Amino acid sequence: MFFYHMRMAIKSIRRNIVLSALMVAAIGIGIGVCMTAITVFYMMSSDPIPYKSDSLYAVQLNSWEAPGPYDADRPERLPELLTYRDAKALLDSEVPTRSVATYRSGFTLNPDNPDVSPMLVMSRFTTRNFFSMFDVPFLYGAPWDEATDRSGDSIAVLNYSINEEVFGGENSVGRTVELAGREFTVVGVMDRWEPVPKFYAVFNGAFEEAEEVFMPMLLNESWERQNYGNTNCWGDTPMNGFRDFLDSECTWVEFWVELNDAEQKSRYQDWLAGYIAEQKRLGRFPIENAGAEVHDVNEWMDYNEVVSADFRVLVGLAFMFLAVCLLNTVALLLAKFSGNAARVGLRRALGASKAMIFRQNLVEVGVIGIAGSLLGLGLAWLGLQGVRSINLGHYDRLVQMDANLVLFAVAISLLSAIIAGLYPTWRICQIPPATHLKTQ
Amino acid sequence: MEIRPILSAMLRNKTGAVLVVLQIALTMAVVVNASFIINQRLEKMNRDTGIDVDNILIFQSWGFGDDYNHEASITRDIEYIRSMPGVIAVTPTRSLPVSNSGSANDFRATAERFDENNVEYPSVNANTYVWNEQGIDAVGVKLAAGRSFYAEEVQFRESRSSEFAPVTIITKDLAIKMFGTEDALGKTVYDFFGNAAEVVGIIEHMQGAWIDWDELTNVIISPGVSAGPFIRFMVRTEAGRRDELIAAIEEQLPKLDRGRMIRRVEPFSDVVRHAYSRDHSMTILLLSTIILLVSITSLGIIGLASFAVRQRTKQIGTRRAVGATRMDIVRYFMMENWLVTTIGVVLGSILALAFNVWLVDTYALDKLDWHYIPLGMLALWVLGQVAVLMPAMRASTIAPAVATRTV
């Protein structure tokens, strides 16, 4: 029976080839545009560390002072980053399972291999728990130990790509690299690790690549490399040199804690309140109700608007676009089926049941829907290539479809085809056998 | 032209008409809002930077090694670049204008500590740059009054130091915010620490770092050279010689000294383009959406009309047989489309406004300029009429004799 329906469907489609092609094109373009937008959106807003995103928290402290709030347009917001002195103090708290302070820098790397020319590397100063907290995979070696966090020795962890570039991918543990003129011993090499979005540091490019070299934060107290990224300061205490900067009220350090349950979280919030009270006695945290806030990974992505408003608008538009395409398809199907009325009337008169007519037309709609969705997938792929080419390399990592998305695309197009086809199909079944025979 | 028969024909196929009306309304809501956003982005991208964007090249210099001498290295590099034919001026700078990265500080026009009640001399946030005596020329901004820095005013700075040079050049926009209508030249500007600097020059117009910042044109420039070991250079060249100088600098400069790396020698215009890449992609994506949507809608109209013509072949033949001219037939279809489109665009105007209200509320976009509504209506009317023209013309060629045939 199915094959009979199929044959009839193909016959009917060929009878109105232009109209059918229009319907396939409408569904295809609608799906293509919609899926392009959804793919970019899905990648942008995906949870970068799903199995523990609800136990990792970014910490904010309101160390800011009048004359104005930290963010004049949204006065309820706290500085996103910590002062260096607060970050160091918070590292000492024993409440969280792990605490991590980190900031970004960059400098020259001069390999001991004369065949490789000097290069620039993005680097991150941090504490050892960074690797265990964010589950960074290691290819060779391991993170530095706790003693190194306190001694600040000249050691470094390399990421996969820089180890490829400098050491040809060999196990470089124990070898040395010259960074900004100082010799560093490699203690570990990371495996490929590129969280999207780069949730542990979403400022200045949440979709940029991860840093290439990681080293103990303490060592920079004497090394004095400039930090990169946002630095916000207040106060009128003059600064003379890096030491003053470290002691200043400037905020520039990202701070994360791992809290495994609600009880631990509330204990940590109490601890932070105690810390602020203590600092207030020392004359810091001048705002009357200075507080602290913690946000888990997904809250933090929202708080910092990692998915730009532009993209949300585009996704909204894409759905309106799909709606137009579907309305278009429904109108065309309706027209087409009503053109079939006489034929349906005849078939009904000859004994075809309503269910039979319904199935017949549903198969036809299904064929159009599947053709449309295949076209849509192809167009979405083209659309993603387009997005890739116009974004000047910014969103390269966002424009790839995974199995979930392909399944979603197929589901949404079948659903669209059925939604579009159901009403016209139902309408045509209502045709009384006699009406259309009369005019013949 | 009688509207009544068209209306009654439409009422017999209500669903079909409603679907087309909805489609036109949604199309209008999308097209109106998308073109409004596009236009805003284009305006934003076309703002005057005040800078000679096309004739500037930039590069980075990274010192490394224990024997790197920032002052000696920069002095030698400047001297070398100045001696190259085609170079107008060169300055070191820590950050670049219109790059979305830079620094800003609070400044005020009085020595007193900032006070919220001090309405007369409010504290003003401004982009800060540190340039040498050729900086104004190297960036190609125009001085409206006063002078550039003198060479003896340019000092090498310490890292993370809060010193403030005793002279400064500010933009006209900043001058107006700090001193109102008074002439700012010769006035004193104070930084957050209470250090004073005399305004010796006023820049006609210049953009600072962050393109989305509403105080983009508040810029204050101090004489000096920022601390190393990382520094950028801006080099302004004679018109048309930028690219040859990029190649020359890339080739020759690294040879002067192996104790620092020269990286990313590139046109400054690339930086500006990169800064606006988000807006640029948004306009392209929106434009593609509009084009696709309009094609879908017009193809839909053409498809439906062609189908209707085929369905009504006999009726059209009958009308022709009883005296309707070919023009009457064309007019019938045009009129039918006009009616549907009119209902569609009226509904579409409401939808467009509602969509805009949602965008304003949710994403803090700007309020729709009302001109877009009538323009959108007009565009869709034209679109509908053009789309229906071809099927209507075909209908008019149906011979009256068709009426006499039985299917």
Side-chain angles (χ1 to χ4, degrees), chain A residues 16 18-19 22 25-26 29-30 33 66-68 106-108 110 118-120 178 180-181 204 224 226 231 234-242 244-245 308-310 312-314 316-318 320-321 323-325 327-328 330-332 334-336 338-339 386-387 390-392 394 423 427 440, chain B residues 13 15-16 19-20 22-23 26-27 29-30 33-34 37 62 64-66 68 101 103 113-116 123 158-162 192-194 229-230 261 263 273-274 277-278 280-282 284-286 288-289 292-293 296-297 299-300 303-304 306-308 310-311 355 359 362-365 407:
Chain A
N16 283 301
V18 178
L19 214 56
L22 261 178
I29 295 176
V33 167
F107 26 72
T108 56
N110 212 358
M119 60 188 88
L120 297 174
E178 193 188 304
N204 314 110
E224 306 192 353
Q226 289 247 13
T231 304
W234 61 271
D236 47 11
T237 323
M239 262 187 271
N240 280 303
F242 197 73
D244 284 355
F245 176 60
S308 70
D310 275 4
R312 291 176 194 269
V313 171
L314 281 173
L317 282 175
M320 287 172 82
F321 190 104
V324 170
C325 291
L327 283 171
N328 197 337
V330 178
L332 291 173
L334 211 56
K336 185 174 176 227
S338 72
V387 171
I390 57 167
N391 274 298
L392 309 166
H394 253 341
Y423 176 72
R427 267 280 292 267
Q440 293 289 334
Chain B
N13 182 12
T15 330
L19 287 171
V20 180
L22 279 179
Q23 189 182 344
L26 269 175
T27 303
V30 171
N33 279 287
I37 298 174
W62 298 70
F64 63 97
D66 293 331
Y68 170 74
S101 140
S103 51
R113 179 90 177 73
F114 176 82
D115 179 355
E116 257 176 293
S123 132
E158 292 290 314
S159 153
R160 288 291 172 201
S161 138
S162 54
F192 217 97
F193 307 104
F230 167 73
M261 284 196 306
R263 283 290 182 274
R273 207 172 50 228
H274 191 257
S277 63
R278 265 197 181 187
H280 180 74
S281 4
M282 187 74 172
I284 291 188
L285 290 174
L286 289 174
S288 328
T289 310
L292 281 173
L293 192 59
I296 287 278
T297 302
L299 282 178
L304 281 175
S306 311
F307 194 80
R310 209 138 49 96
Q311 288 292 112
F355 187 42
L359 289 176
T362 325
Y363 302 120
L365 261 58
V407 185

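In this text, all values refer to a predicted model and were calculated from it rather than measured experimentally. Numbers restart at 1 for each chain; the letters A, B, ... are given by sequence-line order, proteins then strands.
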Is there a side-chain contact between [X] and [Y], using heavy atoms and a 4.5 Å cut-off?
X: A:Thr108; Y: A:Glu178; answer: no
X: A:Arg312; Y: B:Tyr363; answer: yes
X: A:Cys325; Y: B:Ile296; answer: yes
X: A:Leu332; Y: B:Phe307; answer: no

Sort [X] into side chain, backbone, both or neither according to what part of it lies under 4.5 angstrom from a heavy atom of chain A.
X: B:Ser306; result: neither
X: B:Leu26; result: both
X: B:Tyr68; result: neither

Output all residues satisfying side chain to side chain contact (heavy atoms under 4.5 Å, CB included) with B:Leu292, sequence neighbours left out; order by chain, then residue number.
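With neighbours one apart ignored, the set is A:Ile29, A:Val33, A:Phe321.
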Could you tell me which portion of A:Ala25 (side chain, backbone, both or neither) has an atom closer than 4.5 angstrom to a non-hydrogen atom of chain B?
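For A:Ala25, backbone heavy atoms alone lie under 4.5 Å from chain B.
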With a 4.5 angstrom heavy-atom cut-off, is it the side chain or the backbone of A:Ala180 that approaches chain B, or both, or neither?
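Just its backbone gets close to chain B.
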Count the heavy-atom pairs under 4.5 Å between each of [options] and chain B, then report the option with the highest count.
options: A:Val324, A:Leu22, A:Val18; answer: A:Val324
options: A:Ala323, A:Gly316, A:Pro118, A:Ala26; answer: A:Pro118
options: A:Leu19, A:Asn110, A:Leu120; answer: A:Leu120

So how far is it from B:Leu285 CG to B:Thr289 OG1, rounded to the nearest 0.5 Å?
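Between atom CG of B:Leu285 and atom OG1 of B:Thr289 there are 6.5 Å.
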